[in-house]
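These notes concern the structure reproduced below.
Here the structure is a predicted model, which is why all the values come from computation and not from measurement. One is the number of the first residue; the rest follow in order along the sequence.
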Amino acid sequence: MRVRRSFFAAAAFLGGAGTASAQDAAVIPGQPHPWQMGLQEALSPIEAQIHWFSNYTLAFIIPITALVAALLAWCIYRYAAHRNPTPSRTSHNTTIEVVWTLAPVIILLFLAVPSFQLLTAQYNPPREPELTIKTTGYQWFWGYEYQPIETEGEAAAEPVSFESYPLLEEDRDGSGKEDRGVYPHLLAVDNEMVVPVNTVIRILSTSADVIHAFALPSMGVKVDAVPGRINEYFMEPLREGIFYGQCSELCGQAHYNMPIAVRVVSQEQFASWYAAAAEDLDGANAALTAAIQTAGDVAVAGR
């Protein structure tokens, strides 16, 4: 049974958007940045809900930690040997035992309900996925295979598949990816996964060798890639741009250099890219980059 997003998830997303607008303009969404405190900006409804739950649990963790620390300090002070030379022989206290049994149970109930809501929402898309991408982990790069898109009155589009390798520093020159702010060291790739904005995307994750994990923090995505098995997840990007992740499994000596780059574009730009990518991936990527640059120039000129 599909589960609706809870009210607090929507509230968390709106709150996160307000926080993001106040951030320094130099901070690029979907990337870690110097002096960052807390989680990356939420760029999907699920990640917004994850942020809310993280803050919600802190509302319990901080008072509990403070209380335990205060009790420990008080016991150290009050019951030091020179202050309490004759310790009490009391071994049981019914009131205390009832309190420290019921209190954790009540706290866990308050944590369990939103936790189960979040867990269920992570595996139940709000609507039927409009695009399916199979991600395959290799040592040490990713392969992407797009499920053919069926359109009314037309034959199914040609399947698109390609591999995504880390962008080596010696390959930057002439690649169009010289800007390390947009294409960071150890996160940039030669071919990004391209997806449309405001679309529910089904992710099918597997591996060709060892266990990997497809993780995209700003989208709230983390799904294991296990050889011989397909795990399903989904994401719903709400902003255009390039967003990064990495394999988050200890899969080998080059595990650190297994980046994930997802380029989120408009519906129209994605349709054009997909139509061209089956025949000429490099040409489709070049045309997409040019279209994005043109759209950016027009937006700047219109301000």
Side-chain angles (χ1 to χ4, degrees), residues 28-31 43-45 125-136 141-167 171-172 174-179 181-184 187-205 214 216 218-219 221 233-245 259-303:
I28 301 177
Q31 293 188 26
L43 301 176
S44 74
R127 57 187 182 276
E128 193 64 26
E130 298 138 283
L131 176 65
T132 299
I133 303 175
K134 179 183 177 184
T135 67
T136 304
F141 59 96
W142 291 94
Y144 302 127
E145 181 180 343
Y146 289 67
Q147 178 175 303
I149 300 175
E150 296 181 1
T151 55
E152 295 182 4
E154 300 179 7
E158 291 294 324
V160 173
S161 61
F162 56 89
E163 293 169 344
S164 180
Y165 289 87
L167 181 66
D171 295 335
R172 280 188 183 270
S175 67
K177 299 180 178 180
E178 293 82 5
D179 186 350
V182 179
Y183 304 98
L187 288 178
V189 300
D190 56 354
N191 297 312
E192 294 89 7
M193 176 198 288
V194 180
V195 299
V197 71
N198 297 321
T199 302
V200 176
I201 302 160
R202 178 190 288 118
I203 301 294
L204 302 178
S205 181
F214 186 87
L216 198 63
S218 59
M219 296 290 175
V221 175
Y233 205 80
F234 83 94
M235 65 179 179
E236 186 182 1
L238 300 178
R239 176 185 293 187
E240 297 180 29
I242 302 180
F243 310 114
Y244 295 96
I260 298 165
V262 176
R263 186 187 288 270
V264 182
V265 298
S266 68
Q267 302 277 352
E268 296 75 16
Q269 290 171 338
F270 176 78
S272 300
W273 174 87
Y274 193 91
E279 299 294 334
D280 180 11
L281 179 63
D282 291 337
N285 287 339
L288 178 62
T289 301
I292 293 172
Q293 181 63 43
T294 301
D297 293 342
V298 171
V300 171
R303 290 179 181 175

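If you take CZ on Phe234 and CZ on Arg127, they are separated by 9.5 Å, rounding to the nearest 0.5 Å. The line from CZ of Arg263 to CG of Leu288 is 5.5 Å long, rounded to the nearest 0.5 Å. Here the CD1-OG distance, from Ile133 to Ser161, works out to 12.0 Å after rounding to the nearest 0.5 Å. For the atom pair CD1 (Ile260) and OG1 (Thr135), the distance works out to 7.5 Å, reported to the nearest 0.5 Å. Summarising the geometry, atom CD1 belonging to Ile242 is positioned 5.0 Å from atom CD belonging to Glu192; distances are rounded to the nearest 0.5 Å. Summarising the geometry, atom CE belonging to Met193 is positioned 8.0 Å from atom CG belonging to Leu216; distances are rounded to the nearest 0.5 Å.
Looking at Glu145, its side chain never comes within 3.5 Å of a backbone N or O of Thr136 through a donor-acceptor pair. For Arg172 (side chain) and Lys177 (main-chain N/O), a donor-acceptor pair under 3.5 Å exists by modelled atom type. Side chain of Lys134 to backbone of Gln147: no donor-acceptor contact under 3.5 angstrom is found. A side-chain donor-acceptor contact under 3.5 Å links Tyr146 to the backbone of Val194.
Between Val160 and Ala277, the shortest heavy-atom distance links the atoms CG1-CB, 4.0 Å. Residues Gly176 and Tyr183 approach most closely at O-CE1, 4.0 Å, considering heavy atoms. Shortest non-hydrogen contact noted between Ile201 and Pro237 is CD1-CD, 3.9 Å. Closest of all the heavy-atom pairs between Pro184 and Val182 is CD-O, 3.3 Å. Of all heavy-atom pairs spanning Arg239 and Phe243, the tightest one is O-CE1, 3.3 Å. Scanning both residues, Pro159 and Tyr274, for their nearest heavy atoms gives CA-OH, 4.2 Å.
Looking at Gln267, Glu236, Glu130 one by one, the single match for side-chain hydrogen bond (donor to acceptor under 3.5 Å, both in side chains) with Thr199 turns out to be Gln267. The residue from Leu43, Val262, Val200 that alone fulfils the side chain to side chain contact (heavy atoms under 4.5 Å, CB included) condition with Met235 is Val262.
In this structure Asn191 satisfies the side-chain contact (heavy atoms from CB on, under 4.5 Å) test together with Phe162, Leu281, Asp282, Asn285, sequence neighbours excluded.
Between Tyr144 and Trp142, the ring planes are parallel. Angles under 30° get that label, and only those over 60° would be called perpendicular.
By the 4.5 Å heavy-atom criterion applied to side chains, Ser164 and Asp190 are counted as neighbours. A heavy-atom distance below 4.5 Å is found between the side chains of Val264 and Met219.
Other residues, nucleotides and ligands contribute only 12 or fewer heavy atoms inside 6.0 Å of the CD atom of Glu279.
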